[in-house]
Structures are given as C-alpha cells and as structure tokens.
Amino acid sequence: HAKIEGRGRTRYFDQSMTRDLVRRREIEAELRAAIQKDELSIFFQPIVDLETGRIKTFEALVRWFHPQKGELRPDEFIPVAEETGVIVTLGNWITQQAAKAAAQWPEDVTVAVNLSPLQIKAPGAALGIFTALREAGLHPSRLELEVTESLFLEDSEATGSFITELSERGVRFALDDFGTGYSSLGYINKYPFSKIKVDRSFVSGKDVGKKSDAIIRAVAEMGAQLDMDIVAEGLEEIEQVTAVREAGCTLGQGYYFSRAVPDYLAAMLLTQERDGISTMRKVG
Ligand code: C2E
Ligand code: MG
Ligand code: MG
Ligand code: MG
C-alpha cells in the first residue's frame, strides 16, 4: 500500500510542478503586453495614524486583472517580472501611476511605493523616479519608497547612491517586512529610514503572542529613540490594533482599516475625512 501511495504522490507532485512552470511561462509572456492592454492597475491601502485614526499614507499595491486567469496577486507575477527584467518597465509604470494619484490628494498625505532590488540596481533608477514625480507634479517629500532587507544582501554602491540621491531631494524610505529577514540594525544605522514596517507575522494570530509582543515593543522603543515611525502591518482585529498601539507603534495598516482600493475610492476616503466624516474604523 505504502508503495502505491508513495508513487501516486510523486506523480501528483511532478504534475503540479509542471503546472507551476507552465503558468510562470505564460505569465512571463503576457506580462509585457499587460501594461499596454491596460490589464494592470494600482490599488491603494491606507496606513493610519494609531493616535488619531487619520490616513497618513496610501501604499500602492499592483494588481493584474487577467482576462482568463482572473485577479493575479503581485506575489505571483512580481517574481517573474524580476527574473525576466520586466520589473524595470513595470516598476517605472507603477511609480508613475502612484505619483499621479497622490498628486490629487491633500498635501499632507503621502504615497508609498514598493521597489524591487533589481529596479534600484538598474541604470537610471533614480532618474526614473524623479521623472515620475516631475510629470505628476508631486513633491519628492510626498513619496516614500518601501524596500526590504534583501536589497542590502550584496552591499552595492548603486544601492547606496540611489538612496542618498533620492533622500537628499526629500524622498523618504521605509524598511518593509522588518523581522522576516536578517533584521540587521546595521542597515537602520547606515541608511536614512524614516519608517520601519513590522511584518504581519508579528501581529497575526488571535492570541498576540507574548514573544512577538515583546519584539514589537523593542522595535517601537527603538523607533521612538531614533525618531522613526513604526508601522504594524496586517492588522485585522481590533485586539491587534489595541495591542500594537499600546506597544508603541505609531502607524497601522491592515484589513481592519481597509483593503487596498482603487484610486477613486482612496480619493473619496480622503475627501470624507477632510469633511469631518470619519472613514477609518476606531483605533480604540
Ligand atoms: P508588502 O509590501 O508587505 O504589502 C503588504 C501586503 O499585505 C499586501 O499584499 C496587502 O494586500 C497585504 N495585507 C494588507 N493588510 C493585510 C491584512 O490585514 N491581512 C493580510 N493577510 N494581508 C494584508 P499584496 O498586495 O498581495 O502584495 C504582496 C507583496 O507584493 C507586497 O508585500 C510587496 O512586497 C509586493 N508588491 C506589491 N505591489 C508591488 C509593486 O508595485 N512593486 C513591487 N516591487 N512589489 C510589490
Ligand atoms: Mg510594502
Ligand atoms: Mg510589508
Ligand atoms: Mg509583505
């Protein structure tokens, strides 16, 4: 029995691997055309001030509405875009769209854009960002770039000069998914991050673990000392909002407040907020 079962499982495994590979190939072929065909769009998820409940930032998150495959998540096609180099074109397009949307918002609201390491290391990366800002008429201080620690794995000169060049002009940087990689304090010391985003694995689960809670507290304490905002990602329940706020996080993001929404809805949330209509759910 064991033998038959074992063989069956092996075959199933092979088939699913082949399916994955086929799907990746398809995605690769279609991704370049997808921008032209208007299949991609940028959604915006609010990042909320945990004291006031007001929206401070919208994070731009790319979506692909594929005519056959349906809605594709970035985790499915961003890695393919990276492998094939399409990420440079795609990344520039995303920054352009995000900057255009943000130019319509009140001036104290910023937009956060995720950058892949490959995008940053490509020639002319900084110029691409400045061009997007200029064309949209958005002041550099209203753009935040989210990077992960994987960017620093090979400490390239290109990375350093990219960050320096942009931050000298007022663009801000956030360290994304903190806690999942090396969580090196060296990067925080070396680069001018204004924000640290604590990965949602530290806030997830109904019972906010004692250990995770202690880690968030420590990161929040460091943030306060270094004058950085600490964002708690993946807040789904009010209990989590209360916990991370008490732990000292200054900002929060997650389904509790809102999922990522199309640009017209993001603008509407801000209009209502400005008119005194509270749009975000209570922070506690
Ligand atoms: P990220 O930058 O850490 O973005 C946060 C992800 O968490 C988003 O997933 C968001 O929809 C999801 N999220 C937000 N709140 C909650 C919550 O309460 N619960 C749960 N379970 N999830 C929540 P999304 O949009 O699927 O993006 C996944 C990742 O793909 C992003 O992680 C980012 O690394 C990458 N990505 C997304 N858009 C872009 C982009 O425009 N460019 C690049 N280079 N990467 C992108
Ligand atoms: Mg992000
Ligand atoms: Mg993140
Ligand atoms: Mg993430």
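All ligand and atom numbering here is 1-based and tracks the order in the structure.
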Between Phe44 and Trp105, how do the two ring planes meet: parallel, tilted or perpendicular, split at 30° and 60°? perpendicular
Taking only non-hydrogen atoms of Asp75 and a 4.0 Å limit, the atoms of ligand 1 in range are 28 (C), 29 (C), 30 (O)
Are the side chains of Glu28 and Val86 in touch, meaning some heavy atoms are under 4.5 Å apart? no
Counting backbone and side-chain atoms alike, does Glu233 have an N/O/S atom under 2.8 Å from the Mg ion (ligand 2)? no
Could you tell me, atom by atom, which parts of ligand 1 come under 4.0 Å of a heavy atom of Leu235? 18 (O)
Main chain of Tyr255, side chain of Glu236: is a donor-acceptor contact present, judged purely on distance under 3.5 Å? no
Flag the pair Glu59 / Gln253 as yes when at least one side-chain heavy-atom distance between them is below 4.5 Å, and no otherwise. yes
Any N/O/S atom, side chain or main chain, of Glu59 closer to the Mg ion (ligand 2) than 2.8 Å? yes
Kindly report the OD1-the Mg ion (ligand 2)-OD2 angle for Asn114 and Asp176 respectively, rounded to 10°. 90°
Report whether any nitrogen, oxygen or sulfur of Glu146 sits less than 2.8 Å from the Mg ion (ligand 3) (N, O or S, backbone or side chain). no
For ligand 1, is Arg259 a contact, meaning one of its heavy atoms is under 4.0 Å away? no
Under 4.0 Å to a heavy atom of Asp177 - the qualifying atoms of ligand 1, by number: 3 (O)
So if I count the atoms of ligand 1 from 1 in the order they appear, which ones are less than 4.0 Å from some heavy atom of Glu233? 3 (O)
